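Since the model is a prediction, treat every value here as computed from it, not as a measurement.
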Amino acid sequence: MRQFSWIMKAVVMVVTVAIVAACGSSKKVVRRQQMPDGTVASLGHGGSKKATSQTKTSKKATTANERLALRIDSLLQAEDSLLTVSQLGLHIVNLTTGEVVYSYAAQQRMRPASTEKVVTAITALDVLGPHYQFQTQLLTTAPLRDGVLQGDLYIKGGMDPLLTAADVRTLAARLKAAGVRRVTGRLLADASLKDEDEYGWGWCWDDDNPTLTPLLLGGKPGLAAQMLTALKNAGITLAKGVAKGVAPATARCLAAFYRPLAEVLLPMMKESDNLCAESVFYQLGRSRKLIAPRIYQILNAEGSSVADGSGLSLYNYQTPEVFTRLLAYAAARPDSIFNPLLEALPIAGIDGTLKKRMTGTPAAANVRAKTGSVTAISTLVGYTTQRSTNQLMAFAIMNQGVSRMAEGRNFQDKLCVLLSE
């Protein structure tokens, strides 16, 4: 069995703690079942309203939920040819009333594909906070006298997946503004944010896998070389060459470039960028922060297996109910999780991986959800507002063993239209 570095262990620990397990398996319709955190929220039609918690279920809402459950029954019966030859995991929760509207194999462990990014995003917003920033730093332990840095300069990679050559030039300019004109030592590339493995645990060799390194430039290795060029162009001379090294804990920061978490979440969720997801995943490992004790009371790790942050790994497993409980947890925390998550999720018929889906239906500009697609697997996890009641729904739809992706997507789109009407 593969041995993890301390960073991978920390990542798996932090992310796993934020995952919920299911409470009992059933393929029958489940009504009037309360979620642990009832929430009131609405996506509006392309907008969002803040969530509030602890609301009571109304008789009218329960009737509406029952009518919706009957319509979903009919849809599943109509899709019998698909469900006979493939697997479905489904969990739908009315977050306004806290009721489970529909449950079908909701506690089956299934591969999430890129909907694993929902787990990563919610955990990152909860643990790191929406104002967290990726850092690319220039550090030293050497004294600076009359513009001469008398020793080595460290470039410490922050695994910023969006870092550009222009950003590196900005970093060099900040170093010059700090008074550095000459470096008597080397430029040492510090990749200590994560282990040395360039690929994730359980990734397939023939996938289009990103290279995992803290020293990213334009999404690929190359930060140190670009930094060297930027220093030269900024008029900062380097007496010696480039080498690898780890900055001591006592090193001081001379200049830094910062990237807000929100900027990385956008391509991670909208376009399902795997490198962005892995970069966020390793920020969790770097932070070594634990989730607040209250989460332990409503979440546990049964039914979930977290192997990476993107969903590329064959070893990721989630259940539909894990997802809806995470979505409920997020909706109850509007400022720190829910609203930033909504900004990043693809919008049906509008943008991202849902741009061409559900157009011209009540789900368009209403459903905000993350897609997931690998061979024979199609998943969709997110929120929608029921237009007839203005109530917020959380859903997790996991199709496994489909012969064509279109089969799973068409089923998901039909279901989202029902939820949005």
Side-chain angles (χ1 to χ4, degrees), residues 5-7 10-11 124 127-196 212-219 221-264 276 279-289:
S5 70
W6 68 264
I7 290 181
V11 171
V127 175
L128 304 175
H131 304 298
Y132 178 85
Q133 297 191 78
F134 291 66
Q135 300 180 38
T136 304
Q137 298 175 300
L138 289 173
L139 305 152
T140 191
T141 57
L144 176 63
R145 296 190 182 97
D146 298 326
V148 179
L149 187 65
Q150 299 177 352
D152 293 329
L153 178 67
Y154 295 87
I155 173 69
K156 187 168 185 177
M159 207 170 180
D160 181 348
L162 305 180
L163 195 72
T164 66
D167 298 332
V168 177
R169 289 194 294 272
T170 298
L171 187 57
R174 290 174 181 171
L175 182 67
K176 188 171 184 178
V180 178
R181 297 294 183 272
R182 182 169 178 268
V183 179
T184 64
R186 302 162 295 174
L187 178 65
L188 298 177
D190 185 342
S192 61
L193 183 141
K194 65 173 293 295
D195 56 36
E196 295 182 355
L212 303 181
T213 173
L215 300 167
L216 290 171
L217 179 75
L223 174 58
Q226 185 62 43
M227 190 73 248
L228 187 64
T229 300
L231 291 175
K232 181 179 179 180
N233 291 340
I236 301 173
T237 60
L238 186 71
K240 300 180 181 179
V242 179
K244 295 180 180 180
V246 177
T250 56
R252 67 187 188 278
C253 182
L254 296 175
F257 186 88
Y258 300 96
R259 174 96 50 206
L261 174 62
E263 285 189 19
V264 179
C276 287
S279 296
V280 173
F281 190 65
Y282 277 96
Q283 303 303 311
L284 286 165
R286 174 181 178 272
S287 74
R288 293 192 175 188
K289 291 181 180 179

Scan the side chains in residues 249-262 for donor-acceptor partners under 3.5 Å anywhere in the protein, sequence neighbours excluded, and list what turns up.
residue: Arg252; atom: NH1; partner: Ala142; partner atom: O; Å: 2.9
residue: Arg252; atom: NH2; partner: Ala142; partner atom: O; Å: 2.6
residue: Arg259; atom: NE; partner: Asp160; partner atom: OD1; Å: 3.2
residue: Arg259; atom: NE; partner: Asp160; partner atom: OD2; Å: 3.0
residue: Arg259; atom: NH1; partner: Glu263; partner atom: OE1; Å: 3.2
residue: Arg259; atom: NH2; partner: Asp160; partner atom: OD2; Å: 3.4
residue: Arg259; atom: NH2; partner: Leu162; partner atom: O; Å: 3.1
residue: Arg259; atom: NH2; partner: Asp167; partner atom: OD2; Å: 2.7

For Lys176, all residues meeting side chain to side chain contact (heavy atoms under 4.5 Å, CB included), sequence neighbours excluded: Arg181, Ile236

Checking the side chain of Thr136 only, and the main-chain atoms of Gly157 only, is there a donor and an acceptor separated by less than 3.5 Å? no

Could you list the residues that satisfy side chain to side chain donor-acceptor pair (under 3.5 Å) with Gln133, not counting sequence neighbours? none

Check whether any side-chain heavy atom of Arg182 lies under 4.5 Å from a side-chain heavy atom of Thr184, and answer yes or no. yes

Quick check for you: to the nearest 0.5 Å, what is the distance between Ser192 atom OG and Leu215 atom CG? 9.0 Å

By the side-chain hydrogen bond (donor to acceptor under 3.5 Å, both in side chains) test, which pairs, at least two apart or in different chains, include something from residues 142-154? Arg145-Gln150, Asp152-Arg186

Please check this pair: side chain of Gln283 against backbone of Gly158, looking for a donor-acceptor N/O pair closer than 3.5 Å. yes

Can you tell me how far the CE atom of Met159 sits from the CZ atom of Phe134, to the nearest 0.5 Å? 9.0 Å

Could you measure the distance from the CG atom of Leu153 to the CG atom of Leu175? Nearest 0.5 Å is fine. 6.0 Å

Side chain to side chain, Asp190 and Ile155, heavy atoms closer than 4.5 Å: no

For residues 222-249, the side-chain hydrogen bond (donor to acceptor under 3.5 Å, both in side chains) pairs (sequence neighbours left out) are none

Tell me, please, which residues at least two apart from Leu228 pass side chain to side chain contact (heavy atoms under 4.5 Å, CB included). Leu187, Leu238, Val242

Partner residues of Ala172 under the side chain to side chain contact (heavy atoms under 4.5 Å, CB included) criterion, sequence neighbours left out: Met227, Ala230, Leu231, Ala234

CG of Leu223 to CG of Leu171: how many Å apart, nearest 0.5 Å? 8.0 Å

